[in-house]
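Below is one structure, written out as structure tokens, with a few remarks after it.
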Amino acid sequence: MKAPLWFPQSFFARTLWLVLIVVLFSKVLTLFYLMMNEDVLVDRQYSHGAALTLRAYWAADDENRERIAKAVGLRRVPEQEVPASEYHWPYSEIFKRQMQAELGPETEVHVRIQPSPALWARAPGLGRGWIEVPLYPYPLQGQRIWSVLAWFLGIGLLSTAAAWIFVSQLNLPLKRLVYAARQIGQGRSVRLPVSDTPSEMTELYRAFNQMAEDVEQAGRERELMLAGVSHDLRTPLTRLRLSLELMPNDAELTEEMVRDIEDMDAILDQFLAFIRDGRDEPVETADLGELIREVVQPYNQHAETVRLCVEPIPMLVLRRVSIKRLLVNLIENALRYGGHGVELEAHCSGDPNAPYVVISVLDRGTGIDPREMSEIFNPFIRGDRARGGKGAGLGLAIVKRIAAQHGGVVELRNRSGGGLEARVSLPLGLLLPRDALKS
């Protein structure tokens with residue numbers, strides 16, 4: 001939704017409005033408290049009583065004036081003995097205005113609390129000289145102190161809540177940018193709205209959207225190029241394989257050349273699987289245990305090549321083809337490098353509030369040098385120094401990417417007694433559909 005024209009369009013203006021509104025809000029609440037508080041009512045009554053006393057004093061004759069002064073504690077003082085007035089906001093101004101309203105606009109009033117409460121007033125319209133009037137301050141009782149504290153605590157909380165709301169609105173464009181950057185990093189298609197953002201962020205959003213479009217276009221071109229390369233290479237490879245199989249010469253040499261062609265074809269499959277990483281594949285709720293049995297079944301047609309140990313697993317939201325590719329890559333690696341004795345285990349683990357599924361593929365090969373563990377998941381890294389073999393070095397990179405798409409992790413562990421364990425941990429119920437992250 002586009003922000004209206006009267007709404008501040010920049011961060012500076014919005015911050016200024018934030019400070020102004022919070023300050024005014026606090027002042028209004030404070031003023032409301034002062035106007036409703038009984039201190040103001042007591043102050044008005046006090047000023048009225050003092051004004052009546054002074055009016056009676058000046059209206060009496062000299063004899064009665066002395067009697068009035070003695071009765072109420074009034075004292076005439078020279079001007080040089082009148083102390084400067086203390087300022088108590090807002091009561092000093094209120095008291096002065098009330099006294100002037102009752103004794104005349106030329107009335108002067110000085111009020112002091114220390115060392116002893118008193119006020120000094122001079123009303124030229126009634127008589128000459130300054131009169132000292134004793135004050136008897138209104139005590140703040142315990143329950144009234146808590147009332148004042150509660151009121152000002154409420155003002156602080158309301159002001160803080162207002163500031164929090166405004167600051168959240170100011171930070172929202174930055175949070176959107178951080179969220180969108182993370183989604184782009186995970187390969188999702190995200191665009192940022194430029195119609196309802198501050199002016200400073202509009203150009204940044206436009207640049208981000210252009211960058212996201214360029215990244216997606218480059219990915220599409222890369223995928224198209226590799227698909228074309230795969231198609232163009234497979235045709236001559238198929239012809240070569242057919243020609244080799246028809247050749248009547250050295251059968252052993254022919255078989256080796258056919259295996260080389262098959263390896264080249266498998267490498268092309270790995271390249272395509274790495275580029276087409278399954279992000280466009282729809283998610284579905286599936287039985288992971290049944291999916292594991294489906295993947296392992298071809299390996300155990302003639303003999304138990306892969307030993308299964310699958311415990312009951314809840315239904316899991318996943319990408320079926322991608323998970324099958326993950327399992328096949330791990331099993332193929334175990335069979336290639338570990339020979340016989342390959343095992344596949346699957347079970348649930350973790351806290352009941354955050355359960356996850358653990359899939360382990362175990363072999364009894366030579367393991368991997370611990371120094372290579374940190375790099376083994378990078379593309380084109382095969383760890384040949386430890387386990388030897390052929391391929392493009394993309395199998396584990398594909399496994400890591402598929403696990404990350406499902407919110408999981410993959411790790412390798414050398415087993416005691418020799419061999420390797422490839423462990424994949426997938427959280428239950430945390431994967432979201434691709435389109436769910438575009439809103």
Side-chain angles (χ1 to χ4, degrees), residues 241 252 255-274 277-278 288-311 320-347 357-370 372-373 375-403 408-426:
R241 180 174 180 176
E252 182 177 353
E255 290 179 2
E256 292 180 358
M257 296 177 69
V258 169
R259 283 197 296 269
D260 289 338
I261 292 175
E262 290 176 347
D263 287 341
M264 294 172 65
D265 196 54
I267 290 173
L268 288 175
D269 287 336
Q270 279 195 331
F271 272 108
L272 288 178
F274 185 73
D277 51 15
L288 182 60
E290 185 63 30
L291 185 61
I292 292 174
R293 295 184 185 92
E294 180 182 334
V295 171
V296 173
Q297 192 271 335
Y299 296 97
N300 294 339
Q301 282 185 346
H302 304 293
E304 190 182 51
T305 306
V306 180
R307 181 173 174 272
L308 269 180
C309 181
V310 179
E311 298 180 2
R320 176 180 289 271
V321 175
S322 296
I323 292 296
K324 291 179 70 173
R325 183 180 297 126
L326 178 148
L327 295 171
V328 168
N329 283 354
L330 292 179
I331 294 173
E332 290 288 345
N333 279 350
L335 291 173
R336 183 180 301 117
Y337 300 126
H340 299 289
V342 175
E343 301 176 19
L344 196 157
E345 301 176 355
H347 62 277
V357 177
V358 177
I359 304 172
S360 296
V361 179
L362 307 100
D363 64 57
R364 283 299 180 184
T366 57
I368 294 179
D369 190 332
E372 299 180 13
M373 287 290 190
E375 300 179 355
I376 197 66
F377 289 103
N378 294 334
F380 310 111
I381 302 297
R382 295 181 306 196
D384 286 342
R385 287 173 294 179
R387 293 165 69 95
K390 302 178 181 179
L394 293 175
L396 289 178
I398 293 172
V399 169
K400 180 180 179 181
R401 181 178 289 184
I402 293 174
V409 294
V410 58
E411 55 183 333
L412 301 179
R413 301 177 179 179
N414 285 318
R415 303 176 64 191
S416 60
L420 189 74
E421 176 187 2
R423 171 176 292 197
V424 180
S425 301
L426 303 177

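Everything numeric in this text was worked out from a predicted model, so none of it was measured. Quick note: numbers below take in every heavy atom, side chains included, and nothing from hydrogens, waters or symmetry partners.
Contact check for L330 versus L396: side-chain heavy atoms found under the 4.5 Å cut-off. Looking at heavy atoms from C-beta onward, L288 lies in side-chain contact with I359 at the 4.5 angstrom threshold. With a 4.5 Å cut-off on side-chain heavy atoms, Y337 and V342 do not count as touching. Counting only heavy atoms from C-beta outward, the side chains of I402 and V424 never approach each other to under 4.5 Å.
Of all the heavy atoms in A403 and L326, the pair that sits closest is N-CD1, 4.0 Å. Of all heavy-atom pairs spanning T305 and Y299, the tightest one is OG1-O, 2.9 Å. Scanning all heavy atoms of the two residues, the minimum distance from V310 to G289 falls at CG1-CA, 3.9 Å. Residue G408 comes nearest to L426 through the heavy atom pair CA-CD2, 4.1 Å, listed as atom of the first residue, atom of the second, then distance.
When the salt bridge (Lys or Arg N to Asp or Glu O under 4.0 Å) test is applied to E421, the partners found at least two apart in sequence or on another chain are R423.
We find the CG-CZ distance between D363 and R336 to be 12.0 Å, quoted to the nearest 0.5 Å. The distance from atom CD1 of I323 to atom CD of E294, rounded to the nearest 0.5 Å, is 13.0 Å. Here I331 contributes atom CD1 and K324 contributes atom NZ; the two are 11.5 Å apart, rounded to the nearest 0.5 Å. In this structure, K400 NZ and N329 CG are separated by 15.0 Å, a value rounded to the nearest 0.5 Å. The CD atom of E343 sits 10.0 Å away from the OG atom of S360 when rounded to the nearest 0.5 Å. L420 CG to N414 CG: the interatomic distance, rounded to the nearest 0.5 Å, is 5.5 Å.
In the displayed structure, R307 atom CZ is contacted under 6.0 Å by at most 12 heavy atoms of other residues, nucleotides or ligands.
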